[in-house]
Amino acid sequence: MSRSTVAQILRATDAPGVVEVNGWVRTKRDSKAFSFVEINDGSCLANLQIIADADIEGYAEAVPTLRTGASIKVTGEIVPSQGKQQWEMQAQTVQLLGDSEEDYPLQKKGHSPEFLRSIAHLRPRTNLFGAVFRMRSRMAYAVHQFFQERGFVYVHTPIITASDCEGAGEMFRVTTLDGETLEKQPDEDFFGKPTYLTVSGQLEGETYACALSNIYTFGPTFRAENSNTTRHAAEFWMIEPEIAFCDLQEDMALAEAMIQYLVADALEHCAEDLKFLNKFVDKGLLERLEFVKSRDFERITYTDAVELLKNSGHQFEYPVEYGLNLQSEHERYLTEEHFKCPVTVYNYPQEIKPFYMRKNDDGKTVAAMDLLVPGIGEIVGGSQREERLDILRANLGEHELSEEDYYWYVDLRRYGSVSHAGFGLGFERLLMFVTGVSNIRDVIPFPRTPGSADF
RNA sequence: UCCUCAGUAGCUCAGCGGUAGAGCGGGUGGCUGUUAACCACUAGGUCGUUGGUUCGAACCCAACCUGAGGAGCCA
């Protein structure tokens with residue numbers, strides 16, 4: 001007899017016969033002579049309903065005291081259900097694998113996401129988190145598929161780094177020294193110099209793009225910002241492609257194509273989970289995803305966006321002025337009110353952007369872009385990189401950065417420099433967009449946020 | 001970091017100055033096909049912490065802790 005997953009059984013077109021299945025009890029309903037037991041093994045959203053007659057092997061030991069959360073092994077024949085599901089199991093034997101104590105916190109009823117965060121080790125057993133994390137896995141696979149199909153090379157940039165990708169945020173210090181030694185003898189540290197957890201693999205990624213042409217990274221990223229919002233985490237996963245012989249227009253096109261590819265992949269491969277999320281989490285989800293999949297994204301320059309906002313007649317809390325950063329409310333207006341679709345804003349004033357972004361011919365702006373989506377805001381940030389040696393050196397000076405620290409980055413411009421561009425896509429923000437889940441802490445298994453690193 | 005709101009049973013919440021409540025979950029019993037099953041009975045609480053006001057505080061005041069939402073920073 002073969003061991004089956006719930007997904008294999010429920011997706012069968014022909015009756016699978018007698019099988020063994022293992023899982024965790026979601027709910028049980030007793031009658032006098034038999035019990036209904038529903039089990040879930042995470043292989044899909046739906047449960048398998050098991051009919052356990054009171055006289056089968058193992059019933060007396062296992063079933064009467066069976067509680068939600070317990071793990072069981074059941075064998076039996078898969079038969080058409082008399083109820084609303086297609087298949088159910090007529091059990092022949094049942095065995096308790098692991099009892100669940102009576103204070104098991106997950107109930108059949110809905111729980112708040114805040115409560116479920118406090119039991120992050122058990123929340124994957126819920127429908128919501130099962131759906132989210134199956135989709136997380138599928139989206140990670142689709143990211144690789146998207147780039148591999150296009151001939152991109154996957155590069156593992158370092159987690160521990162001595163270089164700061166300016167503009168990316170505060171860094172976590174990595175050290176083996178105690179506080180006092182760290183202050184007095186920093187050169188005695190493990191690496192002989194101050195080191196940090198990476199805030200971006202971009203600078204290292206550029207070096208590989210300037211050799212392998214098209215590369216991407218996909219790995220954990222760390223920001224020590226004291227950010228307390230629904231879309232920031234101290235540890236998150238980021239995808240950073242870097243493309244040689246590429247300008248900003250191509251860069252934007254790649255970012256847009258990637259979002260559409262991932263949305264289409266989710267619609268095709270996560271239909272059951274999406275249907276659930278559409279029903280219980282975000283009623284407009286499926287409609288929005290279908291829309292994003294098929295419709296071209298909008299593009300607007302920063303300068304035009306500022307004009308548009310100024311002339312919108314809309315009262316904003318914060319001022320709209322050339323040279324100021326666009327606030328959340330401005331970005332929301334663009335993507336949610338005005339265009340009502342994803343929008344890429346590009347060509348930002350150089351004063352508000354980091355040293356490595358390429359100066360445009362107007363002398364005022366740099367070739368930067370942010371891709372904004374409704375409900376979340378910025379999901380992608382990218383730019384064409386400054387490939388001209390003299391201008392890059394001048395930029396370093398203007399930002400009071402030392403060329404010594406960045407010598408290897410500058411070298412790329414000394415030996416066969418080429419135009420190149422790239423972007424960073426926040427994997428969790430993509431997941432929020434694709435699942436409709438509104439808090440980043442609910443799309444990463446064990447979220448790390450200021451003051452919180454449990455589990 | 002700033003602003004706002006909230007902490008009462010395992011969970012969701014009611015009570016808002018006068019003896020601590022409900023539904024669900026748990027336990028016990030019943031029920032021949034259920035689907036968040038149903039019916040009956042039952043156990044379960046330092047009302048976030050500390051201090052204050054009051055004859056009396058879950059309730060009013062202060063500080064702190066924890067959580068959430070918004071802002072900034074960004075992915």
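Quick caveat: nothing in here was measured; it's all calculated off a predicted structure. Throughout, a chain's letter reflects where its sequence line sits, starting with A, and its residues are numbered from 1.
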Would you indicate what [X] reaches in the nucleic acid, counting non-hydrogen atoms under 4.0 angstrom: base, sugar-phosphate, or nothing?
X: A:Asp103; value: nothing
X: A:Gln85; value: base
X: A:Glu114; value: sugar-phosphate

Q | Earlier contact from the 5' end, RNA chain B, for A:Gly110 and A:Ala233 | A | A:Gly110

Q) Where each residue is assigned the nucleotide of RNA chain B containing its nearest heavy atom, which of A:Ser112 and A:Tyr104 is assigned the position nearer the 5′ end? A) A:Ser112

From the list [options], which nucleotide is the closest neighbour of the side chain of [X]?
X: A:Asn325; options: B:rC74, B:rG33, B:rU32; answer: B:rC74
X: A:Glu331; options: B:rC73, B:rG67, B:rC74; answer: B:rC74
X: A:Arg223; options: B:rC74, B:rA36, B:rG72; answer: B:rC74
X: A:Glu378; options: B:rG72, B:rU35, B:rA75; answer: B:rA75
X: A:Thr229; options: B:rC73, B:rG33, B:rC24; answer: B:rC73

Nucleotide N/O to protein N/O under 3.5 Å, stretch nucleotides 2-9 of chain B:
none

For the base of [N], is there a side-chain donor-acceptor partner from [X] under 3.5 Å away?
X: A:Glu101; N: B:rG26; result: no
X: A:Gln82; N: B:rG33; result: yes
X: A:His111; N: B:rC11; result: no

(Q) Taking the cut-offs as 6.0 angstrom to the six-membered ring centre and 45 degrees off its axis, would you call A:Arg150 and A:Phe146 a cation-pi pair? (A) yes

Q | RNA chain B contacts among residues 431-445 of chain A, heavy-atom distance under 4.0 Å | A | A:Asn439, A:Ile440, A:Arg441

Q | Euclidean distance, atom CG of residue A:Leu425 to atom P of B:rC74 [Å, nearest integer] | A | 17 Å

Q: I would like to know whether A:Gln145 and A:Asp265 meet side chain to side chain contact (heavy atoms under 4.5 Å, CB included); could you show each step before the answer?
A: CA-CA 10 Å; A:Gln145 198 166 262; A:Asp265 187 273; 4.0 Å; yes

